[in-house]
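Take a look at the structure set out below.
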Protein chains: 2
Amino acid sequence: MAYTSPGKTREKIYDFVRERILSGTPPTTRDVQRAFGFRAVQSARQHLEKLVFEGKLAKVDGRSRGYRLPEFGKAVPPQLIAMLGRVQAGELTEAMEDPPEYIMVQTRFDDDELFALTVEGESMLHAGILPGDVVIVRRQPTASPGDIVVALVGDEATVKRYRERDGRVELHPENEAFDPIIPREDGAPFSLLGKVIEIRRSVE
Amino acid sequence: MAYTSPGKTREKIYDFVRERILSGTPPTTRDVQRAFGFRAVQSARQHLEKLVFEGKLAKVDGRSRGYRLPEFGKAVPPQLIAMLGRVQAGELTEAMEDPPEYIMVQTRFDDDELFALTVEGESMLHAGILPGDVVIVRRQPTASPGDIVVALVGDEATVKRYRERDGRVELHPENEAFDPIIPREDGAPFSLLGKVIEIRRSVE
DNA sequence: TGACATAACAGACAAATGTCTGTTTTTTGG
DNA sequence: CCAAAAAACAGACATTTGTCTGTTATGTCA
């Protein structure tokens with residue numbers, strides 16, 4: 001490879017490695033070599049080791065594809081969580097799609113206490129939650145008044161604002177066209193699935 | 001390792017591998033061997049290959065740590081994009097925070113044509129965009145009527161609905177309390193920064 | 001019980017990958 | 001221009017990892 005001014009190529013290598021780590025497969029030393037057209041492995045290795053020395057990359061010695069992003073030590077690591085779909089027999093199951101879909105989130109919660117769901121209906125319009133929005137939910141059996149929660153009412157998953165009134169749970173829509181759900185009153189089986197911690201909308 | 005009934009161990013291996021892939025480092029055959037206490041590499045390999053055959057895992061032959069989640073072949077790779085902050089001298093610059101903040105997105109667009117921004121104000125309330133929401137924006141100099149765009153009006157970045165009327169550009173809020181902005185009329189310098197492609201809200 | 005499929009083991013080779021020593025070329029900065 | 005630093009190259013060895021052939025043990029099911 002042609003000679004470049006100090007740091008120039010290193011920066012590109014950093015970008016390349018970062019990209020690869022984020023996409024799920026850290027590169028091997030020779031991956032980097034090939035990607036940059038080095039004629040010697042050592043050229044790639046030198047840059048990589050320097051990046052580690054500078055603290056811009058971390059590394060597990062001796063293991064293949066051992067480069068990591070250091071900031072993930074302290075910062076919130078990205079996690080993939082499953083998109084859940086239909087409601088079946090009283091519980092949410094993975095969507096029908098054969099390849100189950102995942103979305104990437106960054107939270108301090110553990111990924112197995114999280115799931116995501118596509119919102120149907122306009123009952124939370126005034127809370128800024130529209131049909132088609134994806135909500136990311138943390139599984140928890142209880143909630144605090146004011147929380148936006150996902151609950152199973154009958155065999156339908158629904159997103160509502162959690163309230164308490166006279167010691168009873170109430171699920172409030174945020175749209176005048178809908179009525180509050182007062183679980184024990186209308187006899188529908190009720191269970192709290194979790195609390196909404198993030199909302200996403202794609203508008204391409 | 002003790003003998004187990006058919007499929008039993010295989011299922012656990014699948015969970016193990018999936019976990020490892022999701023957490024960023026696919027395991028090696030011998031990682032699996034060790035994790036399950038097999039005394040032969042082939043034991044692990046046999047299970048892994050069968051999982052691939054069943055379609056539950058995908059694999060890049062010959063490469064180290066070559067196991068993948070099958071759905072990931074086509075999925076969009078995640079990217080980190082910069083959170084932009086204040087408006088300075090007519091253009092958006094990176095927020096003051098020393099460690100520049102990044103957020104992870106998955107889109108088909110290139111990461112250097114994307115940026116993210118925190119929404120201030122309630123002018124897009126009825127479009128489900130609240131103060132504090134993060135919008136992910138694709139830089140583009142033009143837009144189509146109906147798009148939600150980010151524009152620089154004066155020296156303030158603003159999120160509005162893009163409209164055209166009599167061949168003139170209009171920026172419409174979605175909240176009666178605000179008035180449309182008709183750029184060339186009130187003489188304020190105007191430039192279109194880009195189009196909003198995603199909205200995110202954290203509600204922890 | 002016996003035939004068959006599956007699970008697990010043994011040992012080895014080959015390819016990929018990490019690592020090393022030393023040299024040459026180019027850039028940088030005074 | 002010169003010395004020092006950085007970049008790139010060359011070639012090799014060691015370890016890790018993928019892969020293979022064949023064998024033994026255990027579970028399944030009629």
Side-chain angles (χ1 to χ4, degrees), chain A residues 1-21 23-70, chain B residues 1-21 23-70 72-73:
Chain A
M1 188 203 187
Y3 283 65
T4 61
S5 45
K8 215 80 179 176
T9 298
R10 178 129 63 245
E11 207 163 317
K12 282 182 192 157
I13 289 181
Y14 171 69
D15 288 340
F16 173 81
V17 174
R18 200 183 74 160
E19 187 92 5
R20 288 286 303 265
I21 293 175
S23 78
T25 323
T28 63
T29 314
R30 282 174 180 80
D31 282 345
V32 175
Q33 179 196 350
R34 274 187 292 271
F36 286 82
F38 290 123
R39 276 184 271 184
V41 205
Q42 186 61 2
S43 303
R45 200 176 136 70
Q46 219 162 75
H47 283 295
L48 288 168
E49 288 303 322
K50 196 146 278 181
L51 284 167
V52 171
F53 180 78
E54 291 170 5
K56 304 187 81 176
L57 288 179
K59 185 193 175 195
V60 185
D61 280 308
R63 296 268 166 269
S64 71
R65 305 174 189 277
Y67 294 97
R68 300 287 182 274
L69 292 180
Chain B
M1 190 204 185
Y3 282 68
T4 61
S5 46
K8 214 80 179 177
T9 299
R10 179 129 64 247
E11 208 164 314
K12 282 184 192 156
I13 289 182
Y14 171 69
D15 288 341
F16 173 80
V17 174
R18 201 182 82 152
E19 187 89 5
R20 288 285 304 264
I21 294 174
S23 79
T25 323
T28 63
T29 314
R30 282 172 179 81
D31 282 344
V32 176
Q33 180 196 350
R34 275 186 291 271
F36 286 81
F38 290 122
R39 276 184 270 183
V41 205
Q42 186 62 2
S43 303
R45 199 176 138 70
Q46 220 162 74
H47 283 296
L48 289 168
E49 287 304 322
K50 196 145 277 180
L51 284 168
V52 171
F53 180 77
E54 291 170 5
K56 305 187 80 176
L57 287 179
K59 184 193 174 195
V60 185
D61 280 308
R63 296 266 167 271
S64 71
R65 302 173 190 279
Y67 293 97
R68 300 285 183 276
L69 292 180
F72 266 39

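As the structure is a computational prediction, the values presented were derived from the model and not from experiment.
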| Integer-rounded Å distance: D:dT17 P and B:Asp61 CG | 18 Å
| Do other residues, nucleotides or ligands put more than 12 heavy atoms under 6.0 Å from A:Glu54 CD? | yes
Please enumerate all protein N or O atoms sitting under 3.5 Å from an N or O of nucleotides 23-28 of chain D, with distances to 0.1 Å.
residue	atom	partner	partner atom	Å
D:dA25	O4'	B:Tyr3	OH	3.4

| remark: Rounded to whole Å, the CD1-C1' distance (A:Ile13 to D:dA7) equals 10 Å
| task | Under 4.0 Å between any heavy atoms, over every strand shown, what does A:Lys59 touch: base, sugar-phosphate, or nothing? Just pick one. | result | sugar-phosphate
| field | Straight-line distance of A:Lys50 NZ to A:Leu57 CG, nearest 0.5 Å | value | 14.0 Å
| request: Carefully, step by step, assess B:Arg20 and B:Arg65 under the rule side chain to side chain contact (heavy atoms under 4.5 Å, CB included). | output: CA-CA 10 Å; B:Arg20 288 285 304 264; B:Arg65 302 173 190 279; 4.0 Å; yes
| request: Tell me what A:Arg63 touches on the nucleic acid: a base, only sugar-phosphate, or nothing, going by heavy atoms under 4.0 Å. | output: sugar-phosphate
| task | State whether the number of non-hydrogen atoms from other residues, nucleotides or ligands found under 6.0 Å of B:Glu11 atom CD is greater than 12. | result | no
| message | At 4.0 Å (heavy atoms only), tell me whether B:Ser43 reaches a base, stays on the sugar-phosphate, or touches nothing. | response | base
| query | For the residue pair B:Pro70 and B:Gly55, what are the closest heavy atoms and their distance? | reply | CG-O, 3.5 Å
| field | Sugar-phosphate, base or nothing in reach of B:Arg45, heavy atoms under 4.0 Å | value | base
| message | Taking 4.0 Å as the cut-off, does a side-chain nitrogen or oxygen of A:Thr9 come that near to OP1 or OP2 on D:dA8? | response | yes
| query | Does B:Arg45 use its side chain to pair, donor to acceptor, with the backbone of B:Thr29 at less than 3.5 Å? | reply | no
| query | Is a side-chain donor or acceptor of A:Arg68 paired with a backbone partner of A:Ala58 at a separation under 3.5 angstrom? | reply | no
| message | A:Phe38 vs A:His47, test: ring pair (Phe, Tyr, Trp, His ring centres under 6.0 Å). Steps then yes/no. | response | CA-CA 11 Å; A:Phe38 290 123; A:His47 283 295; 5.8 Å; yes
| Going by number, which of residues 25-35 of chain A have a non-hydrogen atom under 4.0 Å from DNA chain D? | A:Arg30
| message | To the nearest 0.5 Å, what is the distance between OG1 on B:Thr9 and CD on B:Gln46? | response | 11.5 Å
| Can you check whether A:Arg39 has a side-chain N or O nearer than 4.0 Å to OP1 or OP2 of D:dA8? | no
| query | 5' to 3' on DNA chain C, which nucleotides open and close the contacts with chain A (atom under 4.0 Å from a heavy atom)? | reply | C:dT17 to C:dT28
| field | Atom pair CG/OH of A:Leu69 and A:Tyr14 - distance to nearest 0.5 Å | value | 6.0 Å
| task | Kindly say whether B:Lys12 contributes a backbone atom to a donor-acceptor pair with the side chain of B:Asp15 at under 3.5 angstrom? | result | no
| request: Starting from the 5' end of DNA chain C, give me the residue, A:Arg65 or B:Lys50, whose nearest nucleotide shows up first. | output: B:Lys50
| Is the phosphate of D:dA6, meaning OP1 or OP2, less than 4.0 Å from a side-chain N or O of A:His47? | no
| remark: To the nearest 0.5 Å, atom CG of A:Leu48 lies from atom CD of A:Gln33 at 11.0 Å
| query | Quick one: on DNA chain C, does B:Val41 or B:Gly62 contact a more 5' nucleotide (nearest heavy atom)? | reply | B:Val41
| query | Between D:dA6 atom C1' and A:Arg10 atom CZ, what is the distance in whole Å? | reply | 8 Å
